[in-house]
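Notes to accompany the following structure.
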Amino acid sequence: MTRYIVRRLLWAVVVLLGVSVVTFLVVYLTGDPTALYMGPEGTKADYELLQHAMGFDRPLYEQYWRFLSGAISGDFGLSLRHQRPTLPLVLEKLPATIQLALAAMAFAMAFALPLGIISAVKKDSLLDTVCMIIAMAGQCIPTFWLGIMLILIFAVQWHLLPVYGRMEWRSLILPAVTLGAWAMARTARLTRSSMLEVLGQDYMRTARAKGLAEQIVILRHALKNAAIPVVTVIGLEMGSLLSGAIITETVFAYPGVGRLAVEAVVNKDIPMVQAVVFVVATMFVVVNIVTDIFYVVLDPRVRLK
Amino acid sequence: MTNSLNRVLKQDMRGIWGALGFVLRSPKATIGLLIVIVIVLFAVVPDRWAPYKPNEQFLQYALMPPFSRTGNPQSHMFILGTDQLGRDIHSRVIYSARTSVIIGLTAVFISGLIGVTLGLLAGYRGGLVDDILMRVADIQLAFPFILLAIAVIGVLGNSIHNIILVVGIANWVIYARVVRGETLSVRERAYVEAARTIGASSIRIVLRHILPNVSASIIVIATFGVASTIITEAGLSFLGLGVPLHIPSWGAMLADGRRFVDTSWWLAVFPGIAIFLTVLAINLLGDYLRDVLDPYVQMRRTLQQQ
């Protein structure tokens, strides 16, 4: 168990190194990082001055080393736009995004698990068909369109919910539903198929033969086993929620990391882009590790191996 | 397993009409196929179906609701209304199909080409090559893709080429993983052994004996890949980081729709429906292909027939 966790942590370090290489190379995509920082105006002398100041005339490995040691100590340079260190700017926005992702996840699970379980238990009933049509549709609706439609219905037509910003808890509802819809659809389908598989197992018949109440059979014996693949996917969903937040935050003008990222990219604020990418990727990796560990705790078969 | 698959396919798919008859037996696949055909027709000859050019501006008729008949004498008809520049939404929805189809197909082709090649290489060669490729794949999967995509496109500038390249390169991992896994098992089959014994070169074995036997999975993944690429393109265009503004795109239309959602609902509704139906249709076809091409499902069906 401990060995497994240590191995996962070491692997995470390797992944983060990979992330740092890619983040570092983003600047080199155009082949001329100095021009990227300077913009269209500026003389040849300015260019050389900037090139020297930024260290772009040094060998690549030296530059990468500087970037990496900066990244480890939390220094990604100054934001070109705000003229402040980038990392605090990103961390400032992080709680809002985490809050949004968690709310989306809570919404997704609150609907996906009951839908999936009911569908599986009442397989091929009308209820099952309706649930699965909802789930199929949920997987095909683009996040941003769903967001706009929710705004149209609940805010513009019915004036029920606030649309923009993050002033009160009610302003979290629409973004959370928008962001969580896809995860809900996917988890519902997965819960259903996972439950169906478990329901056909011998130990289910044994549990029933013992005379246990149907509710206990379903919740205690079936759901516990069906949960294993679902938990794995929930972890993966959490990662995709973090990226999905980029679009959702833009739709709802929600002040989180996603909107910060889009603004930074549009303004060509390269140090800011690098900081955002690195922070989000780190969170992504952390979530994946937590899922893996959780998975081992949940499934004794993996633990014993 | 593969033999029974081939037998069933041969029985039912005599020529293109046989194959069509096969699809028509599933109502879901039929709906999917019909919508896909319509989208492809829109993409190939949009000028045939659209009443106006996508960028033609009728500034005096900006933000007209659907079914507006205007002009004197009532010469212009905007079935789905117009946007803030007086462009016909109906025409733009049709022309945008071309953008989505081109980007969807080419990006999937690129990821498929990279992924299948690397997957075959890793699966057939094994050893160090395999280890390195799969570790790189793991690292890439640990990366929030859309964030990287917007960073790359933000730096390189937005053009159709850049989107195709970024999305294409980003999605190779799934092909590589699946092809590698299947290659590992196919490579141990007797016919591969036999081919090796008679002195066939590695390239020949991989292309003639292994690739055809892993192609079913590739087709299924690629189908779903087209759908997810279309959503990604629309998402990037929605953020203003997709195709350049003069090219009509459902995602960019939705960005306008988002701006005018308070007053003009039609701007946001119709492009969204177009994306939704396209993605739904491709996914329905994909579900169907997965069921048909899955050897286990097929084997069961054949056994039942016998």
Side-chain angles (χ1 to χ4, degrees), chain A residues 11-12 14-19 21-23 26-30 33 36 136-137 139-149 151-153 155-157 163 182 236 239-240 242-244 246-247 250-251 257-258 261-262 264-270 273-274 276-277 280-281 283-285 288, chain B residues 28 135-136 138-158 162 166 224 227-228 230-241 250-251 254-255 257-259 261-263 265 267-269 271-284 287:
Chain A
W11 175 236
V14 176
V15 171
L16 284 177
L17 277 177
V19 168
V21 172
V22 176
T23 319
V26 163
V27 192
Y28 279 88
L29 282 170
T30 55
L36 197 64
M136 182 78 189
Q139 282 197 295
C140 297
I141 294 181
T143 318
F144 39 101
W145 188 50
L146 180 64
I148 299 171
M149 289 300 105
I151 293 178
L152 192 60
I153 296 167
V156 178
Q157 295 290 328
V163 184
W182 196 81
L236 294 174
S240 65
L242 284 174
S243 350
I246 295 172
I247 283 177
T250 308
V251 175
V257 176
V262 175
V265 167
V266 170
N267 296 323
K268 300 227 187 269
D269 189 346
I270 305 297
V273 173
Q274 288 178 319
V276 175
V277 171
V280 175
M283 290 196 43
F284 213 79
V285 172
N288 277 337
Chain B
K28 279 189 197 163
R135 288 296 89 98
V136 171
D138 282 348
I139 292 185
Q140 180 154 350
L141 280 186
F143 220 96
F145 157 67
I146 186 106
L147 190 60
L148 186 64
I150 66 169
V152 170
I153 290 168
V155 170
L156 286 180
N158 40 351
N162 288 344
V166 168
F224 289 120
S228 71
I230 287 176
I231 289 196
T232 306
E233 181 274 320
L236 289 172
S237 295
F238 175 76
L239 293 176
L241 296 163
W250 292 326
L254 281 178
R258 162 76 176 69
R259 273 172 61 204
V261 70
D262 296 344
T263 50
W265 55 269
L267 260 67
V269 169
I273 292 178
I275 303 177
F276 173 66
L277 286 180
T278 309
V279 172
L280 179 70
I282 299 174
N283 283 344
L284 285 176
D287 277 349

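Bear in mind that the values here come from a model prediction, so they are computed numbers and not experimental data. Chain naming here is simple, since letters A, B, ... match the order of the sequence lines and numbering starts at 1 in each.
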As an exercise: rank Leu254(B), Ile275(B), Leu277(B) by heavy-atom pairs under 4.5 Å with chain A and give me the winner.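 Sorted descending by pairs with chain A, the first entry is Leu254(B).
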Does Trp145(A) reach the main-chain N or O of Ala268(B) with its side chain, forming a donor-acceptor pair under 3.5 Å? yes
Just by distance, do the side chain of Arg258(B) and the backbone of Ile148(A) share a donor-acceptor pair under 3.5 Å?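 Such a contact is absent between Arg258(B) side chain and Ile148(A) backbone.
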Given that the side chain runs from C-beta out, which part of [X] has a heavy atom under 4.5 Å from chain A: side chain, backbone, both or neither?
X	answer
Phe238(B)	side chain
Leu284(B)	both
Val269(B)	both
Leu148(B)	side chain
Ile230(B)	neither

Which bit of Ile270(A) is near chain B, if near means a heavy-atom gap under 4.5 Å: side chain, backbone, both or neither?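 Contact with chain B: side chain only.
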Got a second to check how far Ile231(B)'s CD1 is from Phe144(A)'s CZ, nearest 0.5 Å? 7.0 Å
Residue pair Met136(A) / Asn283(B): nearest heavy atoms and the distance that separates them: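 Of all heavy-atom pairs spanning Met136(A) and Asn283(B), the closest is CE-CB, 3.8 Å.
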Between Val262(A), Val19(A), Val15(A), Val273(A), which residue shows the highest count of heavy-atom pairs closer than 4.5 Å to chain B? Val19(A)
More than 12 heavy atoms of other residues, nucleotides or ligands under 6.0 Å from NZ of Lys28(B): yes or no?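 No, not enclosed.
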